[in-house]
Participant: 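Below is the structure I would like to discuss, written out as structure tokens.
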Amino acid sequence: MHRVRLGIVGCGIAARELHFPALVQLTDKFEITAVTSRRRERAEDFASMVKDALGYEPAVFDSYEELLESGSVDAVDLTLPIELNVPFIFKAVEKGVHVICEKPISTDIENGKKVVELSTNTDKVIYIAENYRHDFRFNKIRAFIDENTIGRPIFVAWHLWIGMDKSNKYVQTEWRQRPKHIGGFLSDGGVHHIAALRVIFGDIAWVSGVTKRVSDYLGDDDTLSTVFEFNSGVVGNYTVSYAVSGKQYFEIVGTDGRIYLDEERITVRGQREETINIPNQNTFKNEFEDFYRVVKHGEPNILGHPVDALKDLSFFEAAIKSKGTRIEIEDLLRSTTPD
């Protein structure tokens, strides 16, 4: 068997609506052999969904521990409340099972560092699933930068007005209403954005941020504005609100031009002018394909490495703790306590 025997752990929104449609397209690489969830009926529903789509029914287990002990999986796909990521990753590795785990890596840097340390002391793959690293948009923009299309990049601005109302399915998730992870929606959704910016420009040196709570139903502060600088010297402004709706704005300014991104296209105005329509893509399929190559072919875990996931999260811990001052990311990663 060349396929990875995969156990689905947690059968909520991410498993049903994001991961499963990708796995349906990868039946040559993955077989869903086991399922478990906090409520058995939800796991049974997921198993039935697998049978309807793929013609076989995975085993349903009452607990994660039973699933790991069953010997029926080579890897687990963790789509859980964020506070469970670290203990569930450790349990899998202890049983000799590979892990692909939804982002963010952990509730905070201190606990995330435990996963990074574990990843250096095991031959099992720990892959933090950040689909924005597999996104055409940001990799194409990185290519434009590398080709010197707009000269030397100086500044990037990304403003997102996401505006989740009370009926939003993510807002209705109980653990998101009472978040145990730093920043609530700010970090839960925001690690995507920082991962994307790091695809383009690399690591971030320092950040200063201010947070606000605009809504009364999003569980924590829901609006953030930051100024930061990459190690390369590019300066950034990232502003996001999960309470206020509006059109996003994305612009990179270079010495010889600019790059713009909207919902449909990438526009370059520099040494040459070019518009690229964004193709249809399933970035979750891309990440599972990469996970498969890492597990089965021993390829380096570059796009799902815990170190990068920790750096994505560190941006938000730094921004939230900064309260308008400047925090060096490396200092925070070393100590988890800013000077």
Side-chain angles (χ1 to χ4, degrees), residues 3-61 64 67-68 72-85 88-89 91-92 97-106 115 124-136 168-170 172-173 175-176 188-189 191-192 195 280-296 301 303-306 309 312:
R3 291 188 292 178
V4 172
R5 298 177 302 160
L6 188 66
I8 305 296
V9 182
C11 298
I13 298 168
R16 296 193 315 269
E17 300 184 14
L18 305 177
H19 290 203
F20 184 63
L23 291 166
V24 166
Q25 299 180 58
L26 296 171
T27 54
D28 60 325
K29 294 179 172 64
F30 294 94
E31 179 186 6
I32 300 172
T33 55
V35 181
T36 190
S37 199
R38 184 171 60 87
R39 299 202 307 268
R40 182 180 175 88
E41 60 268 26
R42 179 169 283 189
E44 290 173 342
D45 287 345
F46 192 95
S48 296
M49 188 168 65
V50 174
K51 184 177 182 180
D52 291 343
L54 301 178
Y56 64 85
E57 190 166 5
V60 175
F61 291 91
Y64 182 49
L67 183 150
L68 290 175
S72 63
V73 299
D74 305 310
V76 288
D77 177 20
L78 305 182
T79 59
L80 300 163
I82 295 165
E83 64 267 21
L84 298 180
N85 283 354
F88 276 55
I89 288 171
K91 287 179 181 179
V97 173
H98 302 291
V99 179
I100 180 169
C101 176
E102 261 297 332
K103 57 75 216 164
I105 186 172
S106 179
V115 177
K124 296 305 168 186
V125 175
I126 302 173
Y127 191 105
I128 307 302
E130 175 47 73
N131 62 306
Y132 273 38
R133 283 192 237 285
H134 304 265
D135 194 303
F136 169 86
N168 182 282
K169 59 190 174 185
Y170 293 102
Q172 293 180 7
T173 306
W175 62 267
R176 288 188 173 95
D188 185 8
V191 289
H192 285 311
N280 291 328
Q281 55 180 332
N282 186 329
T283 54
F284 298 98
K285 176 174 177 284
N286 295 346
E287 71 186 6
F288 273 103
E289 287 180 309
D290 188 54
F291 176 62
Y292 178 86
R293 290 190 293 267
V294 175
V295 169
K296 282 294 189 179
N301 183 9
L303 299 178
H305 201 286
D312 296 339

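Throughout, numbering of the chain's residues begins at 1 and tracks the sequence. If you're wondering where the values come from, they're calculated on a predicted model, not measured in any experiment.
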Participant: Please report the interatomic distance OG1(Thr79) to CZ(Phe88), rounded to the nearest 0.5 Å.
Facilitator: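 Reported value, rounded in 0.5 Å steps: 10.5 Å.
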
Participant: How are the rings of Phe30 and Phe291 set relative to one another: parallel (under 30°), tilted (30 to 60°) or perpendicular (over 60°)?
Facilitator: parallel

Participant: The test is salt bridge (charged side-chain N to carboxylate O under 4.0 Å, His left out); show your working for Asp188 and Arg176 and say whether it passes.
Facilitator: CA-CA 9 Å; Asp188 185 8; Arg176 288 188 173 95; 2.8 Å; yes

Participant: Please find the pair of heavy atoms, one from Gln25 and one from Asn282, that lie closest to each other, and give the distance.
Facilitator: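 So the two residues come closest at NE2-ND2, 3.3 Å.
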
Participant: Taking all non-hydrogen atoms of both residues, which atom of Ala129 and which atom of Glu102 are closest, and how far apart?
Facilitator: O-OE1, 3.8 Å

Participant: How long is the gap from CD1 on Ile100 to CD on Glu287, to the nearest 0.5 Å?
Facilitator: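 Answer rounded to 0.5 Å: 5.0 Å.
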
Participant: Ignoring hydrogens and angles, tell me if any N or O in the side chain of Asn85 forms a donor-acceptor pair with the backbone of Pro104 under 3.5 Å.
Facilitator: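 Flag set: sc Asn85 to bb Pro104 pair under 3.5 Å.
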
Participant: Taking the side chain as every heavy atom from C-beta outward, state whether Phe284 and Leu23 have any pair of such atoms under 4.5 Å apart.
Facilitator: no

Participant: Taking all non-hydrogen atoms of both residues, which atom of Ile13 and which atom of Lys169 are closest, and how far apart?
Facilitator: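 Looks like CD1-O, 3.7 Å.
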
Participant: Is the number of heavy atoms from other residues, nucleotides or ligands within 6.0 Å of CZ (Arg16) greater than 12?
Facilitator: yes

Participant: Has Arg133 got a side-chain atom pairing as donor or acceptor with Leu303's backbone, closer than 3.5 angstrom?
Facilitator: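 Side chain of Arg133 to backbone of Leu303, a donor-acceptor pair under 3.5 Å: yes, one is there.
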
Participant: Hey, does the side chain of Tyr56 reach the backbone of Ile32 with a donor-acceptor pair shorter than 3.5 angstrom?
Facilitator: yes

Participant: Keeping the roles fixed (side chain from Gln281, backbone from Phe136), state whether a donor-acceptor pair exists under 3.5 Å.
Facilitator: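 A pair under 3.5 Å: yes.
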
Participant: Compare all side-chain heavy atoms of Lys285 with those of Leu26 and state whether any distance is below 4.5 angstrom.
Facilitator: yes

Participant: Could you give the distance from CZ (Phe288) to NE2 (His134), rounded to the nearest 0.5 Å?
Facilitator: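 Output value for this atom pair is 10.0 Å.
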
Participant: Using every non-hydrogen atom in the two residues, find where Val97 and Asp74 come nearest and quote the distance to one decimal.
Facilitator: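 Answer, listing the atom of Val97 first, then Asp74: CG1-O, 3.6 Å.
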
Participant: Does Cys11 offer a backbone N or O that forms a donor-acceptor pair with the side chain of Ser37 under 3.5 Å?
Facilitator: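 Answer holds: yes.
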
Participant: Between Tyr64 and Val76, does the side-chain contact (heavy atoms from CB on, under 4.5 Å) criterion hold? Intermediate values first, please.
Facilitator: CA-CA 10 Å; Tyr64 182 49; Val76 288; 3.9 Å; yes

Participant: With rounding to the nearest 0.5 angstrom, report the CD1 to CG distance, Ile89 to Leu78.
Facilitator: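 Interatomic distance, Ile89 CD1 to Leu78 CG, rounded to 0.5 Å: 6.0 Å.
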
Participant: Does Asn301 use its side chain to pair, donor to acceptor, with the backbone of Ile126 at less than 3.5 Å?
Facilitator: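 Yes: the side chain of Asn301 pairs with the backbone of Ile126.
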
Participant: Apply side-chain contact (heavy atoms from CB on, under 4.5 Å) to residues Lys29 and Lys296 and explain how you reach the verdict.
Facilitator: CA-CA 9 Å; Lys29 294 179 172 64; Lys296 282 294 189 179; over 6 Å; no

Participant: Between Arg293 and Asp290 (salt bridge meaning N to carboxylate O under 4.0 Å), is one present in this structure?
Facilitator: yes

Participant: NE2 of His19 to CZ of Phe46: how many Å apart, nearest 0.5 Å?
Facilitator: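 Answer rounded to 0.5 Å: 9.5 Å.
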
Participant: So, do Val191 and Tyr132 sit near enough that their side-chain heavy atoms are less than 4.5 Å apart?
Facilitator: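 Val191 vs Tyr132: side chains apart.
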
Participant: Minimum heavy-atom separation for Trp175 and Leu80, please, with both atom names.
Facilitator: CZ2-O, 4.2 Å

Participant: Short question: side chain of Thr33, backbone of Ser72 - any donor-acceptor pair under 3.5 Å?
Facilitator: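 Indeed, once roles are kept as given, a pair shorter than 3.5 Å links the two residues.
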
Participant: Considering non-hydrogen atoms only, spot the tightest contact between Ala53 and Val24 and give its length.
Facilitator: CB-CG2, 4.4 Å

Participant: State the CG-CG distance between Asp77 and Leu6, to the nearest 0.5 angstrom.
Facilitator: 5.5 Å

